[in-house]
S.K.: 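Okay, here's the structure, questions in a sec.
Please read these numbers as outputs of a predicted model, since none were measured by experiment. Below, chains carry the letters A, B, ... as their sequence lines are ordered, and counting in each starts from 1.
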Amino acid sequence: MFAVLLLILRYAFLFLLVFFIIMLVKWMVRDLLMEQGLSPSDPGESVAKEIVGADMGRLVVISSSLGDLDCGQTFSIDKDIIIGRGEHSNVTIKDTFASNQHAQIFVKQGQYWLEDMGSTNGTFVNEVPVKEPVVLADGDRLRVGNVIFQFVRWGHEMGLYN
Amino acid sequence: MSGVRYAIPRARDKEPAGGRTVERNLLFLAVLYLMMGMITLYLDESVAPTVLAVVAGLIVAVAFLLVHAYWKASSFRGDRYLLPITAIIISTGLVFLFRLDPYYGLRQFIWILLGLGALVFTSRLLLNFRFLSDYKYTYALFGLIALILPIFFGKVQGGAKSWLDFHFFQLQPSEFVKILLVLFLAGYLAENRAILTAGTRNLKGISLPRPLEWVPLVTMWGISLLLLVFQRDLGAALIYFGAFLAMIYAATARVAYVLSGLGLFAAGAYTSYFLFDHVRVRVLIWLNPWPYIDDIGYQITQSLFAIGSGGIFGTGLGQGYPHYIPLVHSDFIFAAICEELGLLGGAGIIILFMILVYRGIKIALRARGDFSALLAIGLTSLLGLQVLIIIAGVTKMLPLTGITLPYVSYGGSSLVANFILLGLLLNISHEANDRL
C-alpha cells in the first residue's frame, strides 16, 4: 500500500512538471492572442483600413506650455491627420511657433508616416528635424513648437501589462 | 475636429486578463511540485530521507511567494512569467540535490534564499538601471581584476583554477564577471552602434570602422578570454565568446562580424587543442569515450548510461543510480534528472529553458532604447548559451566543458549571479511595460 502511494507520488511529481509547462504555454498563447486581437475602443470613422485595434497609433501630449493642451491628452490617429495652428488641422496647437499647416501624419502600408508640411520652425522627431517623410515608431517623441507628443503604437501596452 | 477624439488614458487599476495573477497561479503550481518532490523524498526510505528536505522546501516555497507578494504590492511591472519558470527550474534542482546528497541540498537551500534576496535587491535598487550604462569602463576594470585574482589566489577545482576560497564558502568570480562584461558591452555598443554598423573607412569595398572604435571592445573581450584560458575555465570562455558575438550581431546586424568571430573561434579552438592537454582529452572522449570507459571516459559514459536507462518516463524520483556519475550534483545534474524523470522530464527542463530564452528575447524586442535591448539580448544569450553548452556536453553532443546548469546545479556563485541576471531582465521589462 505504502509502495503504491510512493509510486503515485513519484509520477505525480513528473506529471506536475509537465502540467506546469502545459499551463505556462497555454497562458502565454492566450496573452499573445490578446495582444493581437485587442478590440479598438471606438472604431469611429476609420479611414485607415490597414490599421485596426491595438495597432491604432496615438499621440499623447507629454509636454506642453499651452492652456488648452494638457499633459496626458491623447489623440487617436484613425485617419490621416494634420497638425498645425490653423482651423482645419485635426490636432490644433495654438502656439506661435507652429505654422498653420505644420505637419501631417498619414498611414501607408500599415505604418504611420510623419511629413513636415513646410513649416517655419520645423518638426522634430526625437529632436532630429524632419526633412523628408519618416516612419514613426512606438515611443518616438514628436515636437512641434513647444509641444511634445509621444507616439504610441501598441495599444495593449496601456492596459494589458498593468 | 472630426476624426480626433480626446481619450483619457485608460485606468490602470483595472486588472487585465493577465496581471500578476498568472504569476501567482503558476507559482502555486511550482510550489506544489516542489513540495510533492520533497515529500516523496521524505517518505522514500531508499534515499536517506531527512525531514530537513521538507522544511527547506517549505521555506523556499514561502520565499518565492513572498517575492511575488512584494512585487504585487509595489506594483512592479516586470515580466510575469520569468519568476514562475525560474521557480520550477530551481525546485527541480533543489529536489535533486536533496535526493543526491542532503549536504549539497542544504547548502543550495541557503544559496537560493540569498539569491532571492539578490533578486529583490536588484529589482529594487537597480529599477532605473539606465544609469548603469555610464560606468562601462568601471565594469571593465572590476571585471578584469576579478578575473585576475583567481590566477594568483585561486584554488584548482575540476581542472579549472577559477575559485576564490573563503573558508566557509568559495566564490567563482567568472560567474559575476559575465554580467559585468555584458553590461560593459551593452553600454559600449549602444554608444558606438552606428559607427560599427556603417563603418567609416573602406577596405576593398568593405566598410570598416576606424581602429579607435573597435579596439577597446576587442581588447576588453580578448583580455577576458585570455584570463579565462589561464584559469583553464574554457566553458566560461565559450559563454563569453558566444554572448559577445550575439550582442555584436544584435547591435550591428552585420553577418561579417559574426563570421570573422567564428573564424577567430576556430583558430582559438585549434590552437588550444595543441596547447592544452585537457582540451585534447575532452575532444578525445567526445569523439569516442568507449575505449576509455575505465578512466578519462568514465564520467561521460556513466552519464550516457544514466540518460539511457531513464527511458521515456524515467525510473521515478529516487529510484535511479545517479551516484555512479562523478560530479553529478553540479555539472552532471542533468543526467540524473534524465535518469529519474526520463525523456519527459529532461525535455521538460529543456523546454522551460527555451521559454525562458524566448521571454528574454521578447523583452529585448520590447525594450526602450539600445542599451536596454542590448543588455537584455546579452543576458539572455548568456543564459541560453550556458544551458546549451552544458546540456550538449552531458549528452555528448559537444565536447564537455565544465560549467553549471543555471538554477539547477549546485553552486552559490552561479545561483546568485543568475538571480541578478534575472532581476536585470525583469527591470528591463518593467521599464517597457511601465511607460505612459
Side-chain angles (χ1 to χ4, degrees), chain A residues 2-3 5-21 23-25 27-28 30-34 38 41-42 44-47 58-60 62 70 72-81 87-92 138-139 150 152 154-162, chain B residues 1-19 22 25-26 29-30 32-33 36-37 39-40 43-44 75 77 80-81 84-85 88 91-92 95 313-319 340-342 344-345 348-349 351-352 355 358-359 366 368-369 429 432-436:
Chain A
F2 187 66
L5 175 76
L6 256 180
L7 194 72
I8 294 172
L9 272 176
R10 271 183 206 127
Y11 285 99
F13 179 67
L14 177 58
F15 169 78
L16 269 175
L17 180 67
V18 176
F19 184 65
F20 178 91
I21 295 171
M23 293 312 281
L24 177 67
V25 171
W27 278 327
M28 286 198 320
R30 196 191 56 184
D31 264 16
L32 281 176
L33 289 178
M34 278 185 60
L38 202 74
S41 44
D42 176 13
E45 33 179 299
S46 176
V47 179
R58 293 179 181 82
L59 284 180
V60 182
I62 54 175
D70 299 323
Q73 205 167 42
T74 304
F75 300 89
S76 298
I77 316 168
D78 51 5
K79 62 173 211 166
D80 299 353
I81 61 167
E87 291 294 313
H88 295 290
S89 49
N90 305 101
V91 177
T92 319
D138 183 28
Q150 182 155 17
V152 183
W154 302 99
H156 63 87
E157 305 217 326
M158 298 179 72
L160 199 66
Y161 280 88
N162 290 336
Chain B
M1 278 304 224
S2 66
V4 173
R5 286 167 288 111
Y6 294 103
I8 304 152
R10 275 179 238 166
R12 230 178 233 154
D13 49 6
K14 226 183 351 180
E15 169 84 13
V22 170
N25 293 348
L26 283 172
L29 269 180
L32 192 64
Y33 168 80
M36 188 81 83
I39 289 169
T40 313
L43 294 177
D44 195 341
S75 63
R77 275 188 260 282
R80 55 193 185 281
Y81 292 104
I85 299 172
I88 199 153
S91 303
T92 314
V95 166
F313 297 103
T315 55
L317 183 63
Q319 296 303 102
E340 304 206 330
L341 298 184
L344 222 51
I349 295 293
I351 290 172
L352 285 170
I355 295 176
Y358 158 75
R359 294 309 299 184
R366 291 166 43 97
R368 307 292 303 127
S429 65
N433 292 336
D434 195 39
R435 83 191 111 124
L436 289 180

S.K.: What part of B:Ile355 gets within 4.5 angstrom of chain A, counting heavy atoms only: side chain, backbone, both, or neither?
M.R.: side chain
S.K.: As an exercise, state the distance from CG of B:Leu352 to CG of A:Leu17, rounded to the nearest 0.5 Å.
M.R.: 6.0 Å
S.K.: When heavy-atom pairs shorter than 4.5 Å are enumerated against chain A, which of B:Ile351, B:Thr92, B:Val95 gives the highest number?
M.R.: B:Val95
S.K.: List the atom of A:Tyr11, the atom of B:Phe313, and the distance in Å for their closest heavy-atom pair.
M.R.: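 Closest approach of A:Tyr11 to B:Phe313, heavy atoms only: CE2-O, 3.5 Å.
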S.K.: Side chain to side chain contact (heavy atoms under 4.5 Å, CB included) between B:Arg80 and A:Asp31: does it pass, once the steps are laid out?
M.R.: CA-CA 11 Å; B:Arg80 55 193 185 281; A:Asp31 264 16; 2.3 Å; yes
S.K.: Could you measure the distance from the OG1 atom of B:Thr40 to the CD1 atom of A:Ile8? Nearest 0.5 Å is fine.
M.R.: 11.0 Å
S.K.: Which atoms of A:Phe2 are under 4.5 Å from chain B, going by heavy atoms: the side chain, the backbone, both sets, or neither?
M.R.: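 Contact with chain B is through the side chain of A:Phe2 alone.
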S.K.: Taking all non-hydrogen atoms of both residues into account, name the closest pair between A:Gly139 and B:Arg368 and its distance.
M.R.: CA-NH2, 3.2 Å
S.K.: Once rounded to the nearest 0.5 Å, what's the spacing between atom CG of B:Asp44 and atom CZ of A:Arg10?
M.R.: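 B:Asp44 atom CG to A:Arg10 atom CZ measures 4.5 Å (nearest 0.5 Å).
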S.K.: Could you look at B:Tyr358 and say if it's the side chain, the backbone, both or neither that has a heavy atom under 4.5 Å from chain A?
M.R.: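 Only the side chain of B:Tyr358 comes within 4.5 Å of chain A.
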S.K.: Given that the side chain runs from C-beta out, which part of A:Phe20 has a heavy atom under 4.5 Å from chain B: side chain, backbone, both or neither?
M.R.: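 When you check distances to chain B, atoms from both the backbone and side chain of A:Phe20 fall under 4.5 Å.
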S.K.: Only one of B:Ile88, B:Val22, B:Leu29, B:Ile85 clears side chain to side chain contact (heavy atoms under 4.5 Å, CB included) with A:Leu24; which?
M.R.: B:Ile85
S.K.: Suppose we call two aromatic rings close when their centres sit under 6.0 Å apart. Are B:Tyr33 and A:Phe13 close by that rule?
M.R.: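 That pair passes the under 6.0 Å test.
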